[in-house]
Amino acid sequence: MSADREALMQAARDAAERAYAPYSKFRVGAALLFADGGVVTGTNVENASYGLSLCAETVAVAKAMGEGRRGGLVALAVFGPGADRISPCGRCRQVLSELASLDASDPMVWSEGREAEGEWRLSQLLPDAFSGK
Ligand code: THU
């Protein structure tokens with residue numbers, strides 16, 4: 001595993017400790033790496049109205065864009081030890097794609113579940129993404 005990948009996954013593991021998941025008990029952490037070396041993390045944030053729950057990847061993107069980031073996304077790590085394997089859900093793929101589309105980047109997506117790891121380009125997870133362009 002590359003040093004970048006291991007460091008980013010560790011940030012996702014640390015973030016998972018801060019997950020707010022009292023309903024599913026499925027704690028997820030996400031970490032975004034930007035070209036300037038900045039890392040922005042997120043956790044899932046659940047709600048008593050279950051359908052309003054937010055995934056860790058979406059929270060990380062919202063935090064980053066709320067801080068003014070508009071591109072430069074190099075990689076995402078997602079850690080979800082409650083499942084054998086994990087990859088971003090469809091909604092998160094589209095949310096990630098919006099940020100990536102701003103500078104036509106195609107970030108790496110690294111995942112770690114209880115049993116399996118994953119590695120993709122975002123474009124593999126969401127081919128023919130809708131960009132509004
Ligand atoms: N979840 C994430 O945060 N990211 C994923 O990639 C998959 C699912 C969250 C949503 C919900 O809080 C919990 O995991 C169970 O689905």
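When a ligand or atom number is given, it counts from 1 through the structure's own listing order. Quick note: numbers below take in every heavy atom, side chains included, and nothing from hydrogens, waters or symmetry partners.
- No donor-acceptor distance shorter than 3.5 angstrom exists from the side chain of R93 to the backbone of L126, with no hydrogens or angles considered.
- When every heavy atom of R70 is checked against every heavy atom of M65, the shortest pair comes out as NH1-O, 2.9 Å.
- Considering backbone and side-chain atoms alike, E57 places an N or O below 3.5 Å from some N or O of ligand 1.
- Protein heavy atom in closest approach to atom 14 (O) of ligand 1: F26 CD2, 3.0 Å.
- Residues I86 and S111 come closest through the heavy atom pair O-OG, 2.8 Å.
- For the pair A21 and ligand 1, no heavy-atom separation below 4.0 Å is found.
- Of all protein heavy atoms, the one closest to atom 3 (O) of ligand 1 is A56 N, 2.9 Å.
- Set against the non-hydrogen atoms of E46, the atoms of ligand 1 under 4.0 Å away are 11 (C), 12 (O), 13 (C).
- Ligand-side atoms of ligand 1 in range of C55: 1 (N), 2 (C), 3 (O), 4 (N), 10 (C), range being under 4.0 angstrom from any heavy atom.
- Counting heavy atoms closer than 4.0 Å to ligand 1, residue S24 contributes side-chain atoms (C-beta onward) but none from N, CA, C or O.
- A distance-only check finds no donor-acceptor pair linking the side chain of N44 to the backbone of A21 [under 3.5 Å].
- Contacts between S87 and ligand 1 below 4.0 angstrom, taking non-hydrogen atoms only, involve the backbone exclusively.
- Across every non-hydrogen atom of L76 and L8, the tightest pair is C-CD2, 3.9 Å.
- Closest approach of E119 and W110 over heavy atoms only: OE1-NE1, 3.4 Å.
- Taking distance alone, with nitrogen or oxygen atoms compared against 3.5 Å, P88 stays at or beyond that limit from ligand 1.
- With hydrogens left out, the protein atom closest to atom 9 (C) of ligand 1 is N44 ND2, 3.7 Å, a heavy atom.
- Regarding atom 7 (C) of ligand 1, its nearest protein heavy-atom neighbour is I86 CD1, 4.2 Å.
- A distance-only check finds no donor-acceptor pair linking the side chain of R85 to the backbone of A116 [under 3.5 Å].
- Side-chain N or O atoms of R27 include none that pairs as donor or acceptor with a backbone N or O of G82 at under 3.5 Å.
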